[in-house]
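Working notes, beginning with the structure itself.
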Amino acid sequence: MGAGLALPCDRRGGVSIIQRLRCGDTTMTMRTPERRYNHRENDKKWQERWERDKLYQVRDDDPRPKWYELTMYPYPSGNLHIGHWYAMSPADAHARFRRMQGYNVLHPMGFDAFGLPAENAAIKRGIHPHTWTMDNIENMRRQLRSMGAVYDWDREIICALPEYYRWSQWLFLQLHKAGLAYRAKAPANWCPSCQTVLANEQVVDGKCERCDSPVSRRDLEQWFFRITRYAEELLDFSGLLDWPERIKAMQTNWIGRSVGVEISFDISEYGLEEREIRTFTTRIDTIYGVTFLVMAPEHPLVARLTTPERRAEVDAYIAQARRQTEVERLSTEHEKTGVFIGSYATNRLNGERVPIFIADYVLLTYGTGIVMGVPAHDQRDFDFARRYGLPIRVVIAPAGWKGEELEEAYVEDGIQVSSGPFDGLPSREGKERIADHIQGQGWGGRTVSYRLRDWLISRQRYWGTPIPMVYCDKCGIIPVPEKDLPVLLPEDAQFRPTGESPLKYHPGFLNTSCPQCQGPAQRETDTMDTFVDSSWYLLRYASPHYHQGPFDPATVREWLPVNQYTGGAEHAVMHLLYARFFNKALRDLGLVEFDEPFLRLYNQGTIIAERHKMSKSRGNVVTPDPYVEELGADVVRTYLMFLGPWDQGGEWSDAGINGMARWLNRVWDLTHRDAAALSQRPTDAEATRSLVRITHKTVRKVEEDMERFKFNTALAAMMELTNHMGRAWDEGGVEPVAWGDAIDKLLLLLAPIAPHVTEELWERTGHAYSIHSQSLPTWDGELARDEEITLVVQVNGRVRDRIQVAAGIGEEEAKGLALESQRVQPYLDGKEIRQVIYVRGRLVNVVVG
RNA sequence: GCCGAAGUGGCGGAACGGUAGACGCGACGGUCUCAAAAACCGUUGGGCUUACAAGCCCGUGUGGGUUCGAUUCCCUCCUUCGGCACCA
């Protein structure tokens, strides 16, 4: 290194530890091996030993109570980044904690191995998705092993292998049989130049990410799961033991239940088969304010209700709406536009004929796809009416309203006006009375609408589970018989640069015979959404090698439902809702016996780097490997758990990780001290008592915190113990037995978080292998009890004195001491004591006036 | 816009309505060293009084409220993050 250049190898605070290590400074871990933990040797040594001994093998017949702790399986993107470690190592620590509590813990790992990136790799680099995926898995498995987790690799699941996906297909067939899987037209993102369907993430600013041509929507026949049938039950979270309120709120919003009235309008004047059209409203109290109707442009009735002179304009509008991508169409800034279709409908309550429009702000998929326009009491209708010069009639009077025109829609409650027989009623009551009236007349009735739509599971892709259906010209759509499963993905697929599914052009796959008439037939070429795979993987882990079905009912009964699920909150509404639906569907099919798949849910936060979420495109992805190599798995694990509360995520920075290395080495150092040396000095009862007390307090605190995933404060408590031990050693007087007990308990508490170093220390302190087969230490409330407390004395809520007193001090005595205090006296001088508040074991507050 | 979470030292963060800042990082001082690094020990919210000892005041995004007492509970507003977003 040349002189004068303050390069990163210089001694500067902000320099990353990795940079420092690259500059040849390995003293941190390598100096005097016996004084420090040598992770390079020991991490490997113990990982190999655990594997050889099958220490973490999970047995179904273990008599201890079962605990199924699952963490969301990763997508095999190729590299495990620090975000994976952040999700997995605390989950592993918690699972280990449960093991030490005496549970037979199932904490499995696998790979969510189907998905688009594998197919993109095939297109871009000519690597087969299978090869790409399996290579990535190989690498990630190695990285996962370096973490030192309790995974039983014999139970690994890879959902892209036929032994798994045949059962995804089998389950599809069961849902189909039960009427829960069906085919319908649905719009897909279509790239006209690539001639292919795009996933939402492949559409960038309304354009194809590959060729930049504008994307439009095109209707395709696709497969759906009828999740809406379970909407009501999915809103019921009572079967869950502990889920974040936040996630329940998100699912509730997603399902979007709203109670209202379906009311029909008369169109019999047109002599169509349909003599009425139905609208859904949550504001039936405003029915007398209807001045127009709006239909979704795609509504099937539009064509028949459009008059010849309006046809050209209507068709143009529909075509334009179709061109818009979903994103554009749903943008908030979107102007309310529409077209009159030439027809009218009659409001039966007042006999009024109102014009029918189409407008793209009305969604075909919600309610009935037709909306009654009440401009005075709905802002969207208000904007629309203004634009097209439609009347705005107030029927719910705001307080103090004198008949003036509105500046904007009045959406609150009020008094019914211009509402025929309902005039003068408060609108809340009007709502009920009008609904009763409509129901009585047979014009409609109370109903419930959901925002939730059926789950579209079709993907026009190769790398997914083939949907096991066959199209026969004679027999129609026929399921593949169960005995013919799996429908295998052909290995010799040709990937086109456009991203089009190779299955459509693979004669060997495509052409088959009809299971019913044996005549020529074609296979379904759509594959399943990967959320189908992840909707039941939790069941497969119970019996991953079972061949007679997707899972062994007996072991599923033993292990399921999942006691604790952990993963990112980004799956709040997709995966977690789909999995709940799937479970309920399987329950109704008689395949499982429980209502909810995941009894408890805990979401870890996101780990960010350089103030942003890690992403390849941003180039801020942190790979744990170099840190593991230089500092050891335990340091990385401990650091991730110490950063802050697990559910809040945090920013990765090198700055603090040294502290964890220092602390683990401090534990190492304390453990290696010869307790016999303590007995050379005279023992001091108070010093011993003090160590015993803090030891027991620490055990209590750590167990409470670990229970609730509060790893950061659990670690802080252990650090306080080691700080105390350091001082106690220097001051002397501690009985060796108490010292040894503190060390043992510390190692046991730390074992779930830092499994390697504690295993090594457990051996070095002469204990039998393995620390991970031990029970958690117990604590004794009596020993943890404080004998002395600091009594805080306040005057008018401000701290004026702190007095050391016996813990068992009585109220009168405490108050007496407080009032006598030299520091308190001046504040009482000449003032009237109005009140003296006493909080047991804490404080006395003297209120003076 | 709606729903949800969160705003605390230089930084990450602790605090059953009862001592704000545990624990760690960084910084500063010291020990060791020829010197540095590492390691170890100590100090570390801001301001003020004071020779010292010891005190006082201010401080948990903003402004109110409840309370003997509020980081904690309630209301207003501001900011950040996450989710949904024309849902009739």
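Naming: A, B, ... by sequence-line order, numbering from 1 per chain.
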query = Is it true that Lys248(A) and Glu245(A) have a side-chain N and a carboxylate O under 4.0 angstrom from each other?
reply = yes
task = Could you check whether Met660(A) gets within reach of a base, just the sugar-phosphate, or nothing at all, counting any heavy atom under 4.0 Å?
result = sugar-phosphate
inquiry  = Any side-chain N or O of Asn723(A) below 4.0 angstrom from OP1/OP2 of G24(B)?
reply    = yes
message = Under 4.0 Å, counting only non-hydrogen atoms across every strand here, what does Gln794(A) touch: a base, just sugar-phosphate, or nothing?
response = base
query = Taking for each residue the nucleotide of RNA chain B with the nearest heavy atom, is it Ala716(A) or Val799(A) whose nucleotide lies nearer the 5' end?
reply = Val799(A)
note = Picking from C68(B), C3(B), A39(B), the nucleotide nearest the side-chain atoms of Asn253(A) would be C3(B)
query = Given the P atoms of U62(B) and A88(B), what is the spacing between them in whole Å?
reply = 38 Å
ask   = Roughly how far apart, to the nearest Å, are C73(B) and G18(B) at atom P?
value = 11 Å
task = Sticking with atom P, work out how far G83(B) lies from A20(B), rounded to a whole angstrom.
result = 39 Å
message = Between C40(B) and G47(B), how many Å separate the two C1' atoms, rounded to a whole number?
response = 34 Å
inquiry  = Please compare Met250(A) and Val371(A) by the position of their nearest nucleotide in RNA chain B and report the one closer to 5'.
reply    = Met250(A)
ask   = Looking across every strand, which nucleic acid part, if any, lies under 4.0 Å from Thr790(A) by heavy atom: base, sugar-phosphate, or nothing?
value = base
inquiry  = Say we look at U33(B) and A27(B): how far apart would their P atoms be, to the nearest angstrom?
reply    = 24 Å
key: Heavy-atom pair with the smallest gap, counting every atom of Gly445(A) and Ile438(A)   = N-CG2, 4.3 Å
message = So, does Arg451(A) get its side chain near the phosphate of A85(B), meaning an N or O under 4.0 Å from OP1 or OP2?
response = yes
key: Nearest heavy atoms of Pro375(A) and Ile392(A), plus distance in Å   = CB-CG1, 3.8 Å
inquiry  = Which heavy atom of His575(A) sits nearest to which heavy atom of Met72(A), and what is that distance?
reply    = CD2-CE, 4.1 Å
Stems where RNA chain B pairs, listed by first number, each of three or more Watson-Crick or G-U pairs under 3.5 Å = B:1-7 with B:78-84, B:10-12 with B:23-25, B:26-31 with B:39-44, B:45-49 with B:54-58, B:63-65 with B:73-75
Gap in Å between the two C1' atoms, one belonging to U66(B) and one to G17(B), rounded = 12 Å
request  = May I ask you to evaluate whether Thr713(A) reaches the phosphate of G13(B), defined as a side-chain N or O under 4.0 Å from OP1 or OP2?
outcome  = no
key: Expected output: side-chain Asp378(A) to main-chain Asp381(A) donor-acceptor under 3.5 Å   = yes
inquiry  = Is there a side-chain contact between Arg246(A) and the phosphate of C3(B), meaning an N or O under 4.0 Å from OP1 or OP2?
reply    = no
inquiry  = With a 4.0 Å cutoff (strictly under), does any side-chain N or O of Arg662(A) reach OP1 or OP2 of C25(B)?
reply    = yes
Test log, rule salt bridge (charged side-chain N to carboxylate O under 4.0 Å, His left out), inputs Lys815(A) and Glu811(A) = CA-CA 6 Å; Lys815(A) 284 180 173 175; Glu811(A) 176 164 353; 2.9 Å; yes
inquiry  = Between G61(B) and U44(B), how many Å separate the two C1' atoms, rounded to a whole number?
reply    = 25 Å
request  = Could you tell me whether the phosphate oxygens of A88(B), OP1 or OP2, come under 4.0 Å of any side-chain nitrogen or oxygen in Tyr450(A)?
outcome  = no
inquiry  = Using whole Å, what does the distance between atom P of nucleotide A88(B) and atom CG of Leu293(A) come to?
reply    = 17 Å
key: Length of the CG-C1' vector between Asp730(A) and G42(B), whole Å   = 13 Å
key: Whole-Å P distance, G82(B) and U31(B)   = 50 Å
ask   = Is it true that a side-chain atom of Gln825(A) and a backbone atom of Leu819(A) form a donor plus acceptor pair closer than 3.5 Å?
value = yes
task = Assign Arg840(A) to base, sugar-phosphate, or nothing according to its heavy-atom contacts below 4.0 angstrom with the strands shown.
result = nothing
C58(B) OP1/OP2 closer than 4.0 Å to side-chain N/O of Arg798(A) = yes
ask   = With a cut-off of under 6.0 Å to the ring centre and 45° to the axis, is Arg380(A) in cation-pi contact with Tyr361(A)?
value = no
message = Cation-pi check for Trp729(A) against Arg673(A): NZ or CZ below 6.0 Å from the six-membered ring centre and within 45 degrees of the axis, yes or no?
response = yes
query = Reckon Arg666(A) has a side-chain N or O less than 4.0 Å from the OP1 or OP2 of C41(B)?
reply = yes
ask   = Got a donor-acceptor pair under 3.5 Å from the side chain of Gln648(A) to the base of G13(B)?
value = no
ask   = Any side-chain N or O of Arg800(A) under 4.0 Å from OP1/OP2 of C57(B)?
value = yes
query = Which is true for Asn712(A) with a 4.0 Å heavy-atom rule: it touches a base, it touches only sugar-phosphate, or it touches nothing?
reply = sugar-phosphate
